[in-house]
Amino acid sequence: MGVSSTAPLLLRAARGEKVDRPPVWMMRQAGRYMKAYRDLREKYPSFRQRSEIPEVAIEVSLQPWKAFQPDGVILFSDIVTPLPGMGIDMDVAEGKGPIINAPIRTQEQIDQLRTLEPDESLPFIKPILQALSQEVGNKSTVLGFVGAPWTLAAYAVEGKGSKTYSIIKNMAFTNPKLLDQLLTKFAESIAKYVCHQIDCGAQVVQMFDSWAGELSPQDYEIFAAPYQKMVFDKVKETHPDTPLILLVTGSAGLLERMAKSGADILTIDWTVDMADARTRLGKQWKVQGNLDPGVLFGSQEFIRDRILDTVRKAGDWGHILNLGHGVLPTTPEENVKFFFETAKNLNVLV
């Protein structure tokens with residue numbers, strides 16, 4: 001791609017253009033660590049209200065933009081948001097995460113699942129993304145996101161988050177054909193959802209395979225990787241120019257396998273040193289990350305040192321600065337502010 005100086009910084013870096021400093025945003029940058037968000041939560045106690053009433057979701061998405069001007073503004077949503085549109089009833093419990101009311105365990109339940117029609121079942125996505133695009137213009141990049149098939153299947157089968165994933169692993173290891181049907185249905189619907197987000201204004205989309213790090217590498221290759229690739233390949237057929245990011249939590253042992261997913265950028269979490277990740281993946285790979293969110297509890301000097309360390313190790317091309325996972329709820333807001341200020345002055349500091 002040619003140089004597109006009018007495009008926002010993060011989008012240019014995501015496309016592989018050389019930029020003056022690494023762009024910066026934070027996963028979960030809209031949310032519980034911000035007073036503005038907690039105040040809004042009093043008024044709209046249900047997560048689904050906050051994420052599915054367009055004007056509320058727009059306000060939440062823009063809270064960090066107004067406070068810190070990050071290089072990426074992400075849609076405020078949840079990876080399970082599309083499930084009701086497939087016929088899976090869910091809610092998001094405060095502090096506990098998604099709850100699936102009738103976990104998917106049988107052939108009959110899988111047969112009854114519908115393919116997602118985002119325009120019909122997710123009518124709020126379009127006004128939210130359009131409003132974000134309008135608000136930030138080319139000063140920031142609008143990010144969309146989705147859950148990956150394995151992670152959504154884990155929620156759907158377990159019924160909620162898990163520490164052991166024993167129910168879905170039981171299905172995987174005793175009835176892999178059944179699970180394949182579920183994963184394939186998720187892949188088809190998620191691909192449609194990614195394309196819909198792009199059509200509505202998302203310039204970069206990140207896929208969260210939050211629970212794929214719970215699989216052994218050989219099982220990752222059977223139950224996670226092929227379905228990630230199914231999504232990315234399908235999206236690339238119609239939207240080849242939109243950069244796609246893959247995140248797998250606890251992925252130090254999986255980096256080389258993640259590189260075969262069809263994603264353009266890999267999120268590196270803090271379980272691997274950025275210099276090692278760069279060596280293992282090779283110079284052509286674009287990366288995002290990878291500070292431990294806990295670093296933001298440190299002193300300003302400590303935060304600055306860790307940012308500089310990561311940026312130096314990542315090198316001067318193809319790096320989007322971020323945490324290795326979401327910002328933690330009790331993080332001091334002034335430290336988030338300092339993180340962004342430091343990151344945005346990096347062309348002076350490095």
Side-chain angles (χ1 to χ4, degrees), residues 78-90 97-118 121-122 145-196 205 207-238 244 246-251 253-263:
D78 194 279
I79 60 172
V80 295
T81 294
L83 296 191
M86 294 179 68
I88 302 172
D89 188 30
M90 68 87 192
I99 307 288
I100 310 298
N101 299 317
I104 308 290
R105 310 270 168 89
T106 67
Q107 181 71 56
E108 189 187 3
Q109 285 174 297
I110 293 171
D111 291 342
Q112 284 172 352
L113 294 178
R114 304 187 293 273
T115 303
L116 187 72
E117 297 299 339
S121 60
L122 302 164
F145 76 96
V146 295
W150 165 263
T151 291
L152 289 186
Y155 274 121
V157 172
E158 296 280 343
K160 56 184 191 304
S162 170
K163 284 196 165 62
T164 59
Y165 298 88
S166 52
I167 305 173
I168 191 166
K169 286 186 178 183
N170 181 336
M171 186 188 284
F173 304 151
T174 62
N175 199 343
K177 284 195 171 70
L178 187 66
L179 183 55
D180 168 68
Q181 293 174 51
L182 182 60
L183 290 165
T184 302
K185 286 196 168 189
F186 273 129
E188 287 162 358
S189 285
I190 293 162
K192 286 184 84 166
Y193 186 32
V194 175
C195 293
H196 180 69
V205 179
M207 184 157 78
F208 285 81
D209 212 344
S210 312
W211 308 129
E214 299 292 330
L215 291 164
S216 69
Q218 77 197 83
D219 292 319
Y220 177 88
E221 294 210 328
I222 300 168
F223 300 107
Y227 305 95
Q228 294 167 357
K229 191 160 176 15
M230 216 180 271
V231 174
F232 290 139
D233 287 352
K234 198 104 190 96
V235 173
K236 292 286 183 192
E237 280 172 25
T238 52
L244 303 171
L246 174 64
L247 171 141
V248 175
T249 309
S251 56
L254 298 167
L255 289 184
E256 293 84 356
R257 288 172 171 85
M258 288 166 68
K260 298 174 187 157
S261 64

Handout entry: Sequence neighbours excluded - salt bridge (Lys or Arg N to Asp or Glu O under 4.0 Å) pairs with any residue from residues 145-163
Key = none
Handout entry: For K260, all residues meeting side chain to side chain contact (heavy atoms under 4.5 Å, CB included), sequence neighbours excluded
Key = none
Practice task
Flag the pair R257 / V248 as yes when at least one side-chain heavy-atom distance between them is below 4.5 Å, and no otherwise.
Solution key: no
Handout entry: side chain to side chain donor-acceptor pair (under 3.5 Å) against D233, all qualifying residues, sequence neighbours excluded
Key = K229
Exercise for the section: Scan for ring-ring contact (aromatic ring centres under 6.0 Å, His included) pairs involving residues 166-196, sequence neighbours excluded, and state none if there are none. Expected result: none
Problem - By salt bridge (charged side-chain N to carboxylate O under 4.0 Å, His left out) - contacts of E237 (at least two apart) - result: K234
Practice task
Determine whether M90 and Y155 make a side-chain contact, defined as any pair of heavy atoms from C-beta on separated by less than 4.5 Å.
Solution key: no
Exercise for the section: Ignoring hydrogens and angles, tell me if any N or O in the side chain of S251 forms a donor-acceptor pair with the backbone of L254 under 3.5 Å. Expected result: no
Exercise for the section: Return the set of residues passing side chain to side chain donor-acceptor pair (under 3.5 Å) with S189 (not counting sequence neighbours), or none when no residue passes. Expected result: none
Practice task
Taking the side chain as every heavy atom from C-beta outward, state whether L122 and L116 have any atom pair closer than 4.5 Å.
Solution key: yes
Handout entry: All pairs passing salt bridge (Lys or Arg N to Asp or Glu O under 4.0 Å) where residues 167-192 contributes a residue, at least two apart
Key = E117-K192
Practice task
Looking only at non-hydrogen atoms, find the nearest pair between F223 and L183 and report the distance.
Solution key: O-CD1, 3.6 Å
Exercise for the section: Would you mind reporting whether D78 and P98 have side-chain heavy atoms less than 4.5 Å apart? Expected result: yes
Problem - Any residue meeting side chain to side chain donor-acceptor pair (under 3.5 Å) with R105, in chain and number order, not counting sequence neighbours - result: none
Practice task
Check whether any side-chain heavy atom of M230 lies under 4.5 Å from a side-chain heavy atom of P149, and answer yes or no.
Solution key: no
Practice task
May I ask you to test the Y220-W150 pair for a side-chain heavy-atom distance under 4.5 Å?
Solution key: no
Exercise for the section: Please list, chain by chain and in numerical order, all residues satisfying side chain to side chain contact (heavy atoms under 4.5 Å, CB included) with S166, sequence neighbours excluded. Expected result: T164
Completion exercise
For D219, the side chain to side chain donor-acceptor pair (under 3.5 Å) test, sequence neighbours excluded, returns S216
Completion exercise
Contacts of Q107 meeting side chain to side chain contact (heavy atoms under 4.5 Å, CB included) (sequence neighbours excluded), chain-then-number -> D111, L178, Q181
Problem - Side-chain (E214) to main-chain (W211) donor-acceptor, under 3.5 angstrom - result: no
Handout entry: Check against side-chain contact (heavy atoms from CB on, under 4.5 Å), I88 and L152
Key = CA-CA 11 Å; I88 302 172; L152 289 186; over 6 Å; no
Fill in the blank from the handout: Residue set satisfying side chain to side chain contact (heavy atoms under 4.5 Å, CB included) with N101, at least two apart, ordered chain then number -> D89, I99
